[in-house]
Amino acid sequence: MLDLGFVRENIDLVKDSLNKRATEAPIDEFADIDIKRRELIQEVESLKQIRNEESSKIGLLKRDGKEEEAQKVIRKMGEVADKIKDLDEKLKEYNQRLEDIMLRIPNIPNQDVPVGKDEEDNVCVRTWGEPTEFDFEAKAHWDLGVDLDILDFERGAKVTGSRFTFLKNLGARLERALISFMLDIHTGEHGYQEIFPPFIVNSESMTGTGQLPKFEEDAFKLSGTDYYLVPTAEVPVTNMYRDEILAADDLPIYHTAYSACFRSEAGSHGRDTRGIIRQHQFNKVEMVKFVKPEDSYDELEKLVQNAETILQRLELPYRVVTLCTGDLTFSSAKTYDIEVWLPSYDTYREISSCSNFEDYQARRAGIKYRPEPNASTEYIHTLNGSGLAIGRTVAAILENYQNEDGSVTIPKALRGYMGGVEKINI
RNA sequence: GGAGAGAUACCCAAGUAGGCUGAAGGGGCGGGUUUGCUAAACCUGUAGUAGGGAAUUAUCUCUAGCGAGGGUUCGAAUCCCUCUCUCUCCGCCA
């Protein structure tokens, strides 16, 4: 959420940001609602001031035994009370409308985010490694997985539905190995504290990080409850500190968390229907940071490097791109995507997304810190990034490490986590 | 699921015959005095916040706020209702 006063004073800048993002928000209503709301506030608050003053007079009159005079004031105040009740109800409607508008305005992109329409306009920052080349006909991971008996799409579809898959044998083991591998590096080498979060959160948490109210259709809601399956560990982990004032000495806070992630994938019917690139349920190791505002852009660079480290250890070729304004997610001020080389797609595909939300999520979620003792509180900055999406990492390993005989070599860094297995054979 | 108890500021905690209590008292934290330093003692300041208004960058003022949301009332931390969470005991259970 943006600051109310900021939006009021910079309405053109906000509109410009919406244009650059190629998105919409009910911004035209803002000025009208904002003005009417403030008029109402003035009216009702001056009445409340009168009520407060007169009511304490009634108390004094009664204490002095001047019952008749007290009754006179009480009668008069009865009308005022009715009027207040009436205005308060109206004001409540305006407040809710204004809050809804505010919650639907996306973050302002940072100045150095390239302006662009869609992913075509993202800017490549660097590449690492070379796209893998084969001197035989390479298979896609969905064929490799079935042939190796480690992925079972048909039974996934039978037991649940499309975009659900069983992992079997060394495939299941590989999934588990990657989770441990990544968590160990982030905790052991990058200074993150490990968290195992709830996989179900309430609507307040979903609002805090920006999934609600605008993207309700992307989430799985538990029927008859206020609960949602987490679309990413970002939601529970960022909301851990919702409505809290953090000690300045405790910052920065780095958390890393494994979670399953659940996404309805509304609006992406027909995309990535084969394989495990786009599933309703997938695993992810996430990194979340809570930092002082002045440090957040340095922290973003470090965050990306932390994610890159994983790919480098796995020796998977990738590139880093800066998302342009049109491709930027709702809450983010700046995002780097890391894209891994996927031979079956003959291109790079997103495997990590690292974002600086500045104070946007912190304002929504009420996460503050006190810079100096007795100073007033300020919103902290939040960041998060995948480190990495496990399913896509499995796909990348299968495809990039495949051999001519249909076997898949296990990356060296992972063998200790695979019980020494060096190769998955048919 | 059953039976109790509770939720007050950064933390602990007092406060029910509703009325100058937005809240006693501690602790912590900030400032100060004493002191060669530390420790200690004493003095003192501590709703932070959100939203209005006036002024303007120094401030002043109002409204809200005692878990959340309703209700009663001229007036609610205090009375009534609903909900959430925490704790204790019982039952059940991975």
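These figures come from a predicted structure and were not determined experimentally. To find a chain, count down the sequence lines: A is the first, B the second, and so on, and within it residues start at 1.
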**Message:** Taking the basic N atoms (NZ, or NE/NH1/NH2) and the acidic carboxylate oxygens, is any pair closer than 4.0 Å for A:R363 and A:D359?
**Reply:** yes
**Asked** Is the shortest side-chain N to carboxylate O distance from A:R38 to A:D34 below 4.0 Å?
**Response** yes
**Asked** Should B:A64 form a Watson-Crick or G-U wobble pair with both distances under 3.5 Å, which nucleotide is its partner?
**Response** B:U49
**Prompt:** How long is the line joining CZ of A:R242 and P of B:C85, in whole Å?
**Reply:** 13 Å
**Asked** For atom P, what is the distance between B:C29 and B:U38, given to the nearest Å?
**Response** 15 Å
**Pairing partner (Watson-Crick or G-U wobble, both distances under 3.5 angstrom) of B:U56** = none
**Asked** Is any side-chain N or O of A:R37 closer than 4.0 Å to OP1 or OP2 of B:G52?
**Response** yes
**Request:** Can you tell me the distance, in whole Å, between the CD1 atom of A:I41 and the C1' atom of B:A50?
**Result:** 11 Å
**Prompt:** Do any N or O atoms from the side chain of A:R364 and from the backbone of A:T209 form a donor-acceptor pair under 3.5 angstrom?
**Reply:** no
**Prompt:** Starting at CG of A:D243 and ending at P of B:G48, how long is that distance when rounded to a whole Å?
**Reply:** 19 Å
**Message:** Could you tell me the Watson-Crick or G-U partner of B:C20, where both distances fall under 3.5 Å? Say none if there is no partner.
**Reply:** none
**A:R75 vs A:Q71 side-chain heavy atoms within contact, under 4.5 Å** = yes
**Message:** Does this structure show an ion pair linking A:D88 with A:K48, if we count only N-O contacts that are shorter than 4.0 Å?
**Reply:** yes
**Request:** Measure the distance from CD1 on A:I35 to P on B:G51 and round it to the nearest whole Å.
**Result:** 18 Å
**Message:** Between A:N239 (side chain only) and A:S205 (backbone N and O only), is there a donor and an acceptor less than 3.5 Å apart?
**Reply:** yes
**Gap in Å between the two C1' atoms, one belonging to B:U16 and one to B:A76, rounded** = 11 Å
**Request:** Report the base-pairing partner of B:G4 (Watson-Crick or G-U wobble, both distances below 3.5 angstrom), or none.
**Result:** B:C87
**Request:** Take atom CZ of A:F6 and atom P of B:G51, then tell me their distance rounded to the nearest Å.
**Result:** 15 Å
**Message:** Any salt bridge linking A:R163 with A:D272? Criterion: basic side-chain nitrogen under 4.0 Å from a carboxylate oxygen.
**Reply:** no
**Fill in**
In whole angstroms, the gap separating P of B:A50 from CZ of A:R364 amounts to 18 Å
**Item:** Distance, P atom - from B:G65 to B:C20, rounded to whole angstrom
**Value:** 16 Å
**Prompt:** Does the pair A:K284/A:E286 count as a salt bridge with the N-to-O cut at 4.0 Å?
**Reply:** yes
**Asked** Rounded to the nearest Å, what distance is computed from the NZ atom of residue A:K368 to the P atom of nucleotide B:C10?
**Response** 11 Å
**Message:** What's the gap between B:U56 and B:U46 when it is taken at their P atoms, as a whole Å value?
**Reply:** 28 Å
**Test item: A:T273 side-chain N/O and A:H269 main-chain N/O as donor-acceptor pair under 3.5 Å** = no
**Prompt:** On a whole-Å scale, what distance lies between the C1' atoms belonging to B:G75 and B:C79?
**Reply:** 13 Å
**Request:** Both distances under 3.5 Å, Watson-Crick or G-U wobble: report the partner of B:G30, or none.
**Result:** B:U44
**Prompt:** Using a cut-off of 4.0 Å between protein heavy atoms and nucleotide atoms, how would you tag nucleotides 53-76 of chain B 5' to 3' with B, S and -?
**Reply:** S--------BBS-----S-S-BS-
**Asked** Does the side-chain hydrogen bond (donor to acceptor under 3.5 Å, both in side chains) test come out yes or no for A:Y318 and A:Q312, once each step is laid out?
**Response** CA-CA 9 Å; A:Y318 68 86; A:Q312 290 170 11; 2.7 Å; yes
**Request:** Nearest whole angstrom, please: distance from the C1' of B:G51 to the NZ of A:K36.
**Result:** 20 Å
**Asked** When you compare B:A17 with B:G22, how far apart are their C1' atoms, in angstrom units rounded to a whole number?
**Response** 23 Å
**Whole-Å P distance, B:G6 and B:G67** = 13 Å
**Request:** Verify salt bridge (Lys or Arg N to Asp or Glu O under 4.0 Å) between A:E189 and A:R313, making sure each step is shown before the conclusion.
**Result:** CA-CA 13 Å; A:E189 300 178 30; A:R313 297 281 174 87; 2.6 Å; yes
**Prompt:** Using atom C1' of each nucleotide, how far apart are B:A77 and B:A68 to the nearest Å?
**Reply:** 15 Å
**Message:** Does the protein touch nucleotides 78-84 of chain B at the base, only the backbone, or not at all? Give it as B, S and - per nucleotide, heavy atoms under 4.0 Å.
**Reply:** -------
**Request:** Nearest-nucleotide wise, let me know which of A:G5 and A:K57 is further upstream toward the 5' end of RNA chain B.
**Result:** A:K57
